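These notes are about the structure you will find just below.
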There are 2 protein chains.
Amino acid sequence: MTRAPETRAPATRALRADAARNRSLLLAAAAAEFAERGMDASVADIARRAGIGKGTVFRHYPTKDDLLAAIVLDRVEELAGLARQLFLAEDAGAALFSFLEAAAGKQQQLDFSFLRDAGDINERLRESRERLFAAIVALVERAQAAGAVRADVTGLDVILMMCVPSHVVSFVPGAAPDLWRRYLALVIDGLRPEGAHSLGPVPPIGV
Amino acid sequence: MTRAPETRAPATRALRADAARNRSLLLAAAAAEFAERGMDASVADIARRAGIGKGTVFRHYPTKDDLLAAIVLDRVEELAGLARQLFLAEDAGAALFSFLEAAAGKQQQLDFSFLRDAGDINERLRESRERLFAAIVALVERAQAAGAVRADVTGLDVILMMCVPSHVVSFVPGAAPDLWRRYLALVIDGLRPEGAHSLGPVPPIGV
DNA sequence: GCATAACCGGACCGCCCGGTCAACTTGTTA
DNA sequence: TAACAAGTTGACCGGGCGGTCCGGTTATGC
């Protein structure tokens, strides 16, 4: 095996210009297609929407799952960044509720059920998800300490309930684009300490 | 075309004994398989689980959707009956919450997302669904009149939120069998009038 | 117990999917 | 501008799906 002299092979070689353009076209098309049809979106349709060949898709991402994971990873990192940033806000309760609002809004584009489907595939995605969850847990605990969220709720409870608005709205055919806010408000009211009833004997789940 | 004398053809002829047995085996197997794997369950797997041939499945129900619709129809009628029965209870609030509890519990076996998937297929199912929804709306309005449920919520809001517990729990791998109760409690607290905040400017959806 | 119609079952069909590959095109670099 | 590596492409493959069909089987009425 020979090696070209004076060539320090970069960890990943720089992408050729057309390849980079195709890659971003692909990511946009895939995000749209996954958002519309979920995991049922076919690679052929994604390629057609991006205006590239099917083979090109598999050159950029060896598997349909890898393509999905790349997209989900983006959103997860984005949300994790927001969560860490909001952790520094003065009002702990408003910080958590702002985060839930942003998360619910983002899920209009990409439901979190992908976290389940894609989480088992990609190790990087799993790590990123754990970091996001940890940041959310921190937000929740601070909001509880400030008395803005009922004490008998866990971080994981909040994580699960945060997926509700976008899911619920997906059942309404001609829903207004901000209908999810209505159900987010309902979810948040359920998390508030005022007027909270017992959650019953069912133990929470560990993280 | 000849007609056998003295034979009044019944609307649907009586099922032969073995056919009736196979049909109930099929329904049980299909319900289990749909519950576990959703719409991804394959007819071949259902047939194998029921211990019958694939052709027999299609003899009883001409389409996979028809099979699903038959199962969903059962649960919907069951729930509608319960809703009408609870409408006569003294405590209007407890009646609604009892119904939500029963509905969430049933969905552990069969998620309501099937109502969306199968609803477009079968006319009878659509009618049955409308009757169920009407019964729920009646329950909600009575609970609101009794002051047990916040006034700014509609019947459809409650219908949508009623699907939350089973859906949320489906994300938790080794969930305890009654974990859904925890999230039902959270949902119900969000529906209570005590400590309710504004739902914001987003208008509710019409039924 | 026999004739018959209802029923059963699994081989088979066409279709679509994720993924591969070898021939071809194009950006890059010296 | 020449030469090559990187990138592109669509025909192709194996597999699984919903649904069909017909030869064999079985319950049932007389």
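Numbered from 1 within each chain, the chains take letters A, B, ... in sequence-line order. Not measured: the values here are computed from a predicted model. Values reported hereafter were calculated over all heavy atoms of this structure, with side chains retained and with hydrogens, waters and symmetry mates removed.
Judged by distance alone with a 3.5 Å cut-off, a donor-acceptor contact links the side chain of A/Arg16 to the base of C/dT26.
Remark: B/Glu127 does not engage B/Arg124 in a salt bridge, criterion side-chain N to carboxylate O under 4.0 Å. Between B/Arg21 and B/Asp18, no side-chain nitrogen of the basic residue sits less than 4.0 Å from a carboxylate oxygen of the acidic one, so the salt-bridge criterion is not met. A/Glu78 has no carboxylate O lying under 4.0 Å from a charged side-chain N of A/Arg75, or vice versa, which leaves the two without a salt bridge.
Contact check, B/Thr63 against D/dG19: a side-chain N or O comes under 4.0 Å of OP1 or OP2. OP1 or OP2 of D/dT9 lies within a sub-4.0 Å distance of a side-chain N or O belonging to A/Thr56. OP1 or OP2 of C/dC8 lies within a sub-4.0 Å distance of a side-chain N or O belonging to B/Asn22. Using a 4.0 Å cut-off, no side-chain N or O of A/Lys54 falls inside it from OP1 or OP2 of D/dG10. In this structure, A/His60 does not reach the D/dG7 phosphate: none of its side-chain N or O atoms is under 4.0 Å from OP1 or OP2.
For A/Ile52, taking side-chain heavy atoms from C-beta onward, the closest of the listed nucleotides C/dC8, D/dT9, D/dC17 is D/dT9.
Whole-Å rounding puts the A/Leu15 CG to C/dT28 P distance at 10 Å. When rounded to the nearest whole Å, the span between CG of A/Asp45 and P of C/dC17 equals 6 Å. Computed from coordinates, the A/Phe58 CZ to D/dA6 P distance equals 22 Å when rounded to whole Å. Taking atom CE of residue A/Met39 and atom C1' of nucleotide C/dG18, one finds them 11 Å apart after rounding to whole Å. Rounded to whole Å, atom P of C/dG19 lies 10 Å from atom CG of A/Leu67. Atom CG of A/Asp18 and atom C1' of C/dC24 are 14 Å apart (whole Å). Remark: P of C/dC7 and CZ of B/Arg21 are 13 Å apart, rounded to the nearest angstrom. As rounded to whole Å, 9 Å separates atom P of D/dG19 from atom CG of B/Asp66.
Counting heavy atoms from C-beta on, the side chains of B/Val153 and B/Gln144 come closer than 4.5 Å.
When each of B/Ala17 and A/Ala20 is assigned the nucleotide of DNA chain D bearing its nearest heavy atom, the one mapping closer to the 5' terminus is A/Ala20.
For the atom pair CZ of A/Arg59 and CG of A/Leu26, the computed distance is 13.0 Å after rounding to the nearest 0.5 Å.
Note on A/Ala47: nothing from the nucleic acid sits closer than 4.0 angstrom, heavy atoms only.
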